[in-house]
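The sequence lines fix the lettering, A, B, ..., with proteins before strands; numbering per chain opens at 1. Source: prediction; values computed, not measured. Below, each value reflects all heavy atoms present in this structure, side chains not excepted, and no hydrogens, waters or symmetry copies.
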Amino acid sequence: MAKFPAGLRVLAVDNDPTILTIIKEMCLQFHYHGAIVVTFYDASLALNHVSENKDCFDVILIEVHMPNMDGYEFIQHVRKEINVPIIMMSLNGATGVVMKAIEHGACDFWIKPLHKNQFKIMWKHVVRKLWSENKLPKKDDSKFTYSINAIVRYQGKSNSNSKETNVNESNDCYEPPTKKPRVVWTPALHNQFINAVKQIGLEKAQPKRILEVMKTPDLTREHVASHLQKYRFYLKGSNGVTLQ
DNA sequence: AGACCTATCT
DNA sequence: AAGATAGGTC
């Protein structure tokens, strides 16, 4: 028997074909073998498809910024047609964008680039929503049968052997998406950098030496090198007048 | 290989 | 604009 997430029916809407390809690959890769992934590049097409095929999907992924109909508008309409978790995606993770997504009823927000872990835990949204609505498998609801049965089987399984799995009751702690955080050169950090450069001497200040002098825990030579490039560029522009 | 630099990408 | 990444040179 297939493990639970198999059979999860995913509808992906994004105007970028590469993203759609990635989503397809991810779904297959992450034990969603047998998953039905329907992809659309146009939100209005997707909307039509949903209204013609209600109860055919378990989760919807939608990009916020779409050419014709944007993600927010799509959500407003699609929620009247189908009641499934909707995840919004965008390159822009500004709080305004994210909050607007949540206000419109998105259950999650994925900041691009998409990460494996997001797909890994995607099915939890489906389970939580069904549980929160007390939805039990209806034998006459053939469209939902597969995934719901899968959930029931899964529950039975985890009851019989008390093996610890990922799905604990409704814990809200997601596995943090292990994305590499980018270094922010706060004024304090920049000051350390400047002090190091001063100490070494501008002419002799090179990434490795600067890094050694700074001795900041998780900073790498590449980080410093990149920052140094910007700093030099800045010095050139201000022509030595405003270097502090 | 490792460190540096420049150009390019996001 | 700020930081990351790539590619070339020594």
(Q) Under a 3.5 Å distance rule, please check whether Thr216(A) uses its side chain to pair with a backbone N or O of Leu219(A) as donor and acceptor. (A) no

Q: Would you please name every residue forming a side chain to side chain donor-acceptor pair (under 3.5 Å) with Ser51(A), sequence neighbours left out?
A: none

Q) Between dA1(C) atom P and His190(A) atom NE2, what is the distance in whole Å? A) 16 Å

Q. Lys236(A) NZ to dT6(B) P: how many Å, rounded?
A. 7 Å

**Q.** Candidates dC5(B), dA3(B), dG3(C) - which lies nearest the side chain of Leu228(A)
**A.** dC5(B)

Q) What's the spacing between Ile62(A) CD1 and Ile86(A) CD1 if we round to 0.5 Å? A) 8.5 Å

Q. Under 4.0 angstrom, heavy atoms only, what part of the nucleic acid is Arg232(A) near: base, sugar-phosphate, or nothing?
A. sugar-phosphate

Q. What residues form a salt bridge (Lys or Arg N to Asp or Glu O under 4.0 Å) with Glu81(A), not counting sequence neighbours?
A. Lys54(A)

Q: With sequence neighbours left out, write down each residue that passes salt bridge (Lys or Arg N to Asp or Glu O under 4.0 Å) with Lys100(A), or none if nothing qualifies.
A: none

(Q) I need the NZ-P distance between Lys208(A) and dA1(B), as an integer number of Å. (A) 15 Å

Q.
One pair to check against salt bridge (Lys or Arg N to Asp or Glu O under 4.0 Å): Asp14(A) and Lys112(A). What are the steps and the verdict?
A. CA-CA 12 Å; Asp14(A) 199 306; Lys112(A) 291 176 179 177; 2.6 Å; yes

**Q.** salt bridge (charged side-chain N to carboxylate O under 4.0 Å, His left out) partners of residues 87-98 of chain A, not counting sequence neighbours, each pair once
**A.** none

Can you tabulate the close N/O pairs, meaning under 3.5 Å, that link protein atoms to atoms of nucleotides 7-10 of chain B?
residue: dA7(B); atom: N7; partner: Gln229(A); partner atom: NE2; Å: 2.9
residue: dA7(B); atom: N6; partner: Gln229(A); partner atom: OE1; Å: 2.9

Q. Is there a side-chain polar atom (N or O) of His227(A) under 4.0 Å from OP1 or OP2 of dA2(C)?
A. no

N/O-N/O pairs, protein side and nucleotides 6-10 of chain C side, under 3.5 Å:
none

Q) Just by distance, do the side chain of Arg209(A) and the backbone of Ala196(A) share a donor-acceptor pair under 3.5 Å? A) no

Q) Does any N or O in the side chain of His125(A) come within less than 3.5 Å of the main-chain N or O of Met122(A), such that one atom is a donor and the other an acceptor? A) no

Q. Between dC5(B) atom P and Arg221(A) atom CZ, what is the distance in whole Å?
A. 10 Å

Q: Measure from CG on Leu219(A) to P on dG3(C) and round the result to the nearest Å.
A: 11 Å

Q. How long is the line joining OH of Tyr231(A) and P of dT6(B), in whole Å?
A. 16 Å

